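Every value quoted in this text rests on a predicted model; they were computed, and no experiment measured them.
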Amino acid sequence: MSILALAGGVGGAKLAEGLAAILPPGELTVAVNTGDDFEHLGLRISPDIDTVTYTLAGLNNQEQGWGLAGETWNFIGALERLGGDTWFRLGDLDIATHIERTRRLKTETLSTVTADFATRLGIRQHIVPVSDDPLRTMVATDRGLLAFQDYFVRLRCAPRVERLEFPGIENMKPSAGFMAALSSSELTAIVICPSNPFLSILPILSLPRVRDALEHRRVPLIAVSPIVGGQAVKGPAAKIMNELGIAVSSLGVAAFYDTLLDGLMIDAVDAGLSSDIKGPAILVRDTMMRNSDDRRRVAAEVLAFAERLSQGKSIS
Ligand code: FO1
């Protein structure tokens, strides 16, 4: 068995943690969004890769959602005294990741550095950036075109989103590790984690060859809805869907993925929507992942759903 999971940051990392825990070592590849990456204070920051890595290593800061547990903030405090740029808060522990990644990226790829950090932190599954090229999400808003972290952190998602842009993406390549997982003869299912469809998954689907490879898959493709009871479990997904004129519900999530999915897992509170969703098979379960037991349970339900789909339906 081999599973490919597509993930962004916090929501994606929770399901990835559950999948990593129940699958034998080496059988999970988490392909992580790099559209949120940027250069800040001269450092190369990859927020979603770090969130997934820290979470799978059991080192993540659970209250904050990003960064490391037990973090201290002396660096950012000292920077503030000097009048430095402090809107993006780099913790004292976390900054080691950015400094070491920045140093190594002078001669190595993001894929290599990410894989090595994961191994050093004791992770026995594969974490791959979706691309080694500089994929950078830009957010077209009522306050102009904004770099992703300017929109997300500095302006706290306040501007009204009009559209997302990925400059130069037509000339970028998906990473070798991502494409190898997608085309592996061992692959048994592809899972789209409950990440923000627009901010975390759209950059991945917009990379050349990715949508085509997904459309020609020979295994079930399942998404877990990040919208529960008309609200995003975390983050601005509901606000953005509303601004883009998409229903803030699992119906809107299904519309976003359109014909791509074989299955969509929605929360029990949205059971009433299941007959309105046309296209994918629907699995209705408790999708809230409050603790590691929940994460393992949701992961097991996703895998069982995939197995039922591959037995009951021929996917060609
Ligand atoms: N998110 C914030 O809301 N404020 C921050 O100051 C912040 C710092 C930060 C530092 C390192 C890192 O890996 C992530 C960080 N994040 C911060 C989270 C991150 O910007 C977003 O959650 C993701 O890009 C969206 O998935």
Side-chain angles (χ1 to χ4, degrees), residues 1-23 27-31 33 52 55 187-202 204-205 214 217 219-235 237-238 241 246-313 315:
M1 182 190 272
S2 161
I3 303 294
L4 171 63
L6 310 187
V10 183
K14 287 182 182 172
L15 183 57
E17 182 197 324
L19 290 166
I22 64 170
L23 286 164
E27 295 197 356
L28 173 68
T29 299
V30 191
N33 172 43
V52 170
T55 303
L187 190 64
T188 40
I190 306 169
V191 178
I192 302 180
C193 293
S195 297
N196 185 315
F198 293 92
L199 299 185
S200 301
I201 305 299
L202 186 59
I204 306 177
L205 299 180
L214 288 173
R217 69 192 178 273
V219 298
L221 171 55
I222 290 173
V224 179
S225 175
I227 303 288
V228 173
Q231 292 184 330
V233 176
K234 188 158 192 333
M241 288 170 84
I246 290 170
V248 185
S249 69
S250 291
L251 275 175
V253 174
F256 171 84
Y257 288 117
D258 198 16
T259 54
L260 200 56
L261 301 177
D262 298 299
L264 177 64
M265 181 173 176
I266 66 171
D267 195 84
V269 303
D270 294 321
L273 295 176
S274 54
S275 55
D276 295 334
I277 300 175
K278 306 291 173 232
I282 302 297
L283 179 71
V284 181
R285 292 284 187 280
D286 176 8
T287 61
M288 296 300 286
M289 293 181 277
R290 304 162 198 90
N291 52 45
S292 47
D293 284 349
D294 282 346
R295 291 167 197 176
R296 277 196 290 267
R297 175 185 47 76
V298 173
E301 280 163 352
V302 168
L303 295 186
F305 187 29
E307 196 172 343
R308 284 199 298 281
L309 286 173
S310 58
Q311 283 165 0
K313 190 174 156 211
I315 296 157

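- Nearest heavy-atom pair, A223 versus Y257, reported as atom, atom and distance to 0.1 Å: CB-CE1, 4.1 Å.
- D267 meets the side chain to side chain donor-acceptor pair (under 3.5 Å) test with T287; sequence neighbours excluded.
- R296 is linked by a salt bridge (Lys or Arg N to Asp or Glu O under 4.0 Å) to D293, counting only residues two or more places apart in sequence or in another chain.
- The OG1 atom of T188 sits 7.5 Å away from the CG atom of L303 when rounded to the nearest 0.5 Å.
- N196 places a side-chain N or O within donor-acceptor distance of the main-chain N or O of F198, the cut-off being under 3.5 Å.
- Every residue two or more places apart in sequence or in another chain that forms a side chain to side chain donor-acceptor pair (under 3.5 Å) with S225 is listed here: S250.
- Between M265 and V298, the shortest heavy-atom distance links the atoms CE-CG1, 3.8 Å.
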Let me have the donor-acceptor pairs involving side chains of residues 3-20, under 3.5 Å, with sequence neighbours excluded, atom names and distances please.
from, atom 1, to, atom 2, distance (Å)
E17, OE1, R295, NH1, 2.7

Show me the donor-acceptor pairs, under 3.5 Å and distance only, between side chains in residues 271-278 and residues at least two apart or in other chains.
from, atom 1, to, atom 2, distance (Å)
S274, OG, A271, O, 2.8
K278, NZ, S275, O, 2.7

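- No donor-acceptor pair under 3.5 Å is formed between the side chain of D262 and the backbone N or O of I222.
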Practice problem: Give the C-alpha distance, both sets of side-chain angles, the deciding distance and a yes or no for side chain to side chain contact (heavy atoms under 4.5 Å, CB included) between I204 and I192. | Solution: CA-CA 11 Å; I204 306 177; I192 302 180; over 6 Å; no
Self-check item: CA sep, side-chain torsions, deciding dist, call: L187, R217, side chain to side chain contact (heavy atoms under 4.5 Å, CB included)
Solution: CA-CA 10 Å; L187 190 64; R217 69 192 178 273; over 6 Å; no
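- L261 CG to I190 CD1: the interatomic distance, rounded to the nearest 0.5 Å, is 10.5 Å.
- Under the salt bridge (charged side-chain N to carboxylate O under 4.0 Å, His left out) criterion, the residue pairs touching residues 281-292 are R285-E301, D286-R290, D286-R297, R290-D294, with sequence neighbours excluded.
- Contact detail for S195 and P226: the closest heavy-atom pair is O-CG, 3.5 Å.
- P194 and M289 make their closest contact through CG-CE, 3.7 Å (heavy atoms, listed as atom of the first residue, atom of the second, distance).
- At least one donor-acceptor pair closer than 3.5 Å links the side chain of S310 to the backbone N or O of E307.
- Taking every heavy atom of both residues into account, V253 and M241 meet most closely at N-CE, 3.8 Å.
- Between I282 and F305 the shortest heavy-atom distance is C-CZ, 4.1 Å.
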